[in-house]
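Below, chains carry the letters A, B, ... as their sequence lines are ordered, and counting in each starts from 1.
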There are 2 protein chains.
Amino acid sequence: MTRKGVTLKDVAAAANVSRATAARALNSYGYVGDETAQRVQEVAESLGYRANRVAQALRSGQLPLIGYVPGDIQNPFFARIAHDLETELRKEKHNLLIASSEEDVAQEKELLESLRSLSIRGLILAPTSATDNRHIVSLAREIPTVLIDRVAKNVRCDSVVVDNEGGAHEAIDYLVANGHRRIGLLRDDSRIFTAQERLFGYQNSLQAHGIALDETLISVSRSTVEQAIEATIRLFNQPNRPTALFTVDSLMTQGALLALRSMGLSIPNDVSLVGFDDFNLATFTDPQITVVAQPISEIGPLAARLLLERLDGKKGAAREVRFPTRLIVRGSVAKPKKR
Amino acid sequence: MTRKGVTLKDVAAAANVSRATAARALNSYGYVGDETAQRVQEVAESLGYRANRVAQALRSGQLPLIGYVPGDIQNPFFARIAHDLETELRKEKHNLLIASSEEDVAQEKELLESLRSLSIRGLILAPTSATDNRHIVSLAREIPTVLIDRVAKNVRCDSVVVDNEGGAHEAIDYLVANGHRRIGLLRDDSRIFTAQERLFGYQNSLQAHGIALDETLISVSRSTVEQAIEATIRLFNQPNRPTALFTVDSLMTQGALLALRSMGLSIPNDVSLVGFDDFNLATFTDPQITVVAQPISEIGPLAARLLLERLDGKKGAAREVRFPTRLIVRGSVAKPKKR
DNA sequence: CTGAAAGCGCTAACAA
DNA sequence: TTGTTAGCGCTTTCAG
């Protein structure tokens, strides 16, 4: 390990000025003689001086750090947002600190504690729970926070979400319009907020069409491909199986795809399928999958912008932006077979 | 914005001890009376004290921060590694700072500067360039660094890579064994190191089988689905097109898949395909894609471990771990059609 | 066992 | 225009 490097003191000494003057010259604030300033800068350059952000932060109170706590960084949805956030925040010289909650409230609490102790300037969070969130409430009072994908009760901060209910509603409408009445739902337990909203969309659409809710058509699973496979198999091993399936996120859609294939059920001949959240794979399968797409490219940049505005001192009530979804019709839905 | 919070001073005052004693009690080092220690801890608890890491870092010189600079966080390969790194590092109370280089050397330089000024403790990096890396050389001398996926010339630090050449070699061997002699290569320009190694494997295998290298069968593209589509189309629009294609990463494999489909070429009847790097999608397509798989689940944890050892003060020569690859035979290769 | 004091690197009143 | 000084919150000798 070499020594930590050149400090302001070294620069000041080498340039024959005080540390204060050196600081002024390098950060160009206050009054500094042109000549002095230039000299200091040259010296700094030649010594390879770089400001120590930690020391700066100790004074100013904060590091140029923004925390990002998604449910899972491996989920393409959150990875995409991570990418967009980073791009936006980098423009303002902020760094992104990423820590996945793994959809676990306890872990989320720990992570937030940890981020707080690092004196982050802002936070972008996809809360794991819609209700167990007192830790978020208190944090959001201290640190500018933007919630994405899901909102959390009682937390007063900006949020960026999509119209989960509307999207689900539209998907079910579409299936019904294609003649389906026994429509299965593969839903997620952990992402409570979105799962709940999408469930409402499902229920409301069925109700609007006068179709009674049948609990045996709803299967709950964690949001992983593996778990979704099992849940799908359970659903379709029942005597009076659904003719169509709606899955609430892309991982579950993939699981359903695999499960249906393994059961020898063909899409869309035996079963129609619509998934929430578009994904690469959806266009690679045969047939391609009909999905409810979220405007994913807008979520990250907007969240970043809202946060930056708050960091700039913008006051005012919490803003909730809710993007509409869009049904992308591809080839995974057909009329149900006569029995 | 509320005030920054309870400091050690507050705790000390409330517990009627000096700051030094309070620090000792809370960090349990040095001599402290049991009773005093307990009292301090209770007071700290009740006041909601949390240590300010920035201040701690100013003294110790470093924040519990590890930088991770992948080529692109959206690439599932790097996203997976990000996840694994985070899990491992979290155990040691370290936070992961993620910043994508976007495969751009200039950006990589900027990011590394930025990370350095944050006094990160360690760095995990997938270098963008195999040769333009003086900035890495100097950084690696200051900050424990582990290179992943690619190595960089002259940089003395641990690295974790896979046997790119061997993997490519095996893939081509397999194609040749299936009767192919006109084997196309879709290669990546930016990820110079891996691309180069995989190219070697391609060349060496051909040579070993006495097949002359035909430059018209090699197409270069950036590592994105879109660019790979175009490159594939160029390749297969030639008069004497290849009977098989080897793609050097999963994004390019996806691009090739889409391109071949759009050209009405069926896999494996018209064209056989083998890709480097396994990916979800490979088992969703029909036929499933034969790939050279990397032991991706081992890369992140190992890189984290190597780094942590260095942080623990481990000395010694740079270690280069090179994992073998594994050919996973699925359904995308067949004997070439007679013409 | 505990406290006083110095100082990590930087910035910002306040003086000069 | 520049320097002096104090101090951000914490840890760590060194005395007591």
Side-chain angles (χ1 to χ4, degrees), chain A residues 1-41 43-44 47-65 93 116-121 142, chain B residues 1-41 43-44 47-65 93 116-121 142:
Chain A
M1 216 82 357
T2 52
R3 60 127 120 353
K4 233 15 254 230
V6 186
T7 75
L8 185 62
K9 198 163 117 186
D10 302 328
V11 175
N16 257 50
V17 292
S18 70
R19 278 142 71 223
T21 302
R24 282 190 282 253
L26 292 170
N27 302 321
S28 35
Y29 74 91
Y31 296 100
V32 205
D34 286 354
E35 201 193 322
T36 320
Q38 170 138 14
R39 180 158 38 93
V40 171
Q41 274 159 15
V43 170
L47 258 44
Y49 167 79
R50 25 203 101 264
N52 179 331
R53 304 245 175 243
V54 173
Q56 292 180 328
L58 182 57
R59 287 215 100 247
S60 66
Q62 288 176 319
L63 247 13
L65 251 32
K93 307 287 182 204
R116 180 211 296 250
S117 71
L118 284 170
S119 307
I120 58 171
R121 283 176 58 81
E142 268 182 41
Chain B
M1 221 80 359
T2 51
R3 63 128 118 348
K4 226 29 241 278
V6 186
T7 75
L8 185 62
K9 201 162 117 187
D10 301 328
V11 175
N16 256 54
V17 293
S18 70
R19 278 142 70 221
T21 302
R24 282 190 281 254
L26 292 170
N27 301 321
S28 37
Y29 73 91
Y31 297 100
V32 205
D34 286 355
E35 201 193 322
T36 320
Q38 169 138 18
R39 182 158 37 94
V40 172
Q41 274 159 17
V43 169
L47 258 44
Y49 167 78
R50 23 203 101 265
N52 179 330
R53 303 246 175 239
V54 174
Q56 291 180 327
L58 182 57
R59 284 214 102 245
S60 67
Q62 290 175 320
L63 247 12
L65 250 32
K93 306 287 182 204
R116 180 210 296 250
S117 70
L118 284 170
S119 308
I120 58 171
R121 283 176 58 81
E142 269 180 42

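Remark: C1' of dG9(C) and CZ of Arg50(A) are 16 Å apart, rounded to the nearest angstrom. Between Arg39(A) atom CZ and dT2(D) atom C1' the separation is 11 Å, expressed in whole Å. Atoms CG (Asn27(A)) and P (dC10(C)) sit 10 Å apart, rounded to a whole Å. One interatomic measurement links the two molecules: CG of Asn16(B) to C1' of dC1(C), which rounds to 16 Å at whole-angstrom precision. Straight-line distance from the CZ atom of Arg53(A) to the C1' atom of dG9(C): 13 Å, rounded to whole Å. Rounding to whole angstrom units, OH of residue Tyr29(B) and P of dC1(C) are separated by 15 Å. The OH atom of Tyr31(A) sits 16 Å away from the C1' atom of dA16(C) (whole-angstrom rounding).
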Would you tabulate the pairs of protein nitrogen or oxygen atoms and nucleotide nitrogen or oxygen atoms of nucleotides 4-8 of chain D closer than 3.5 angstrom?
| residue | atom | partner | partner atom | Å |
| --- | --- | --- | --- | --- |
| dG7(D) | N2 | Arg59(A) | NE | 2.4 |

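Annotation: side-chain contact (heavy atoms from CB on, under 4.5 Å) contacts of Ser60(A) (sequence neighbours excluded): none. Under the side-chain contact (heavy atoms from CB on, under 4.5 Å) criterion, Ala13(B) pairs with no residue at all, not counting sequence neighbours. With sequence neighbours excluded, the residues satisfying side-chain contact (heavy atoms from CB on, under 4.5 Å) with Gln41(A) are Leu26(A). Partners of Arg59(B) according to the salt bridge (Lys or Arg N to Asp or Glu O under 4.0 Å) rule, which considers only residues two or more places apart in sequence or in another chain, do not exist here.
Contact annotation: Asn52(A) does not reach the phosphate of dC8(C) (side-chain N/O to OP1 or OP2, under 4.0 Å). Of the side-chain N and O atoms in Gln56(B), none sit less than 4.0 angstrom from OP1 or OP2 of dG9(D).
DNA chain D is contacted by both Ala22(A) and Tyr49(B); Ala22(A) maps to the nucleotide lying nearer its 5′ end (nearest heavy atom per residue).
Backbone-only contact: Val17(A) has heavy atoms under 4.0 Å from sugar-phosphate atoms and none from a base. Within the nucleic acid shown, Ala57(B) has no heavy atom closer than 4.0 Å to any nucleic acid atom. Counting any heavy atom pair closer than 4.0 Å across all strands shown, Ser60(A) reaches no nucleic acid atom.
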Donor-acceptor contacts under 3.5 Å from residues 15-24 of chain B side chains, at least two apart:
| residue | atom | partner | partner atom | Å |
| --- | --- | --- | --- | --- |
| Ser18(B) | OG | Ala20(B) | N | 3.4 |
| Ser18(B) | OG | Thr21(B) | N | 3.2 |
| Ser18(B) | OG | Thr21(B) | OG1 | 3.2 |

Check residues 28-37 of chain A and write down every donor-acceptor pair under 3.5 Å in which the side-chain atom is one partner and the other belongs to a residue at least two apart or another chain.
none

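In this structure, CG on Leu58(B) lies 11.0 Å from CD on Gln56(B), to the nearest 0.5 angstrom.
Taking every heavy atom of both residues into account, Leu63(B) and Leu118(B) meet most closely at CD2-O, 3.6 Å. Across all their heavy atoms, Tyr49(A) and Val6(A) have their closest contact at CD1-O, 3.5 Å.
Note on the helix from dC1(C)-dG16(D) to dA16(C)-dT1(D): terminal axis deviation equals 50°, with five pairs used at each end and the result rounded to 10°.
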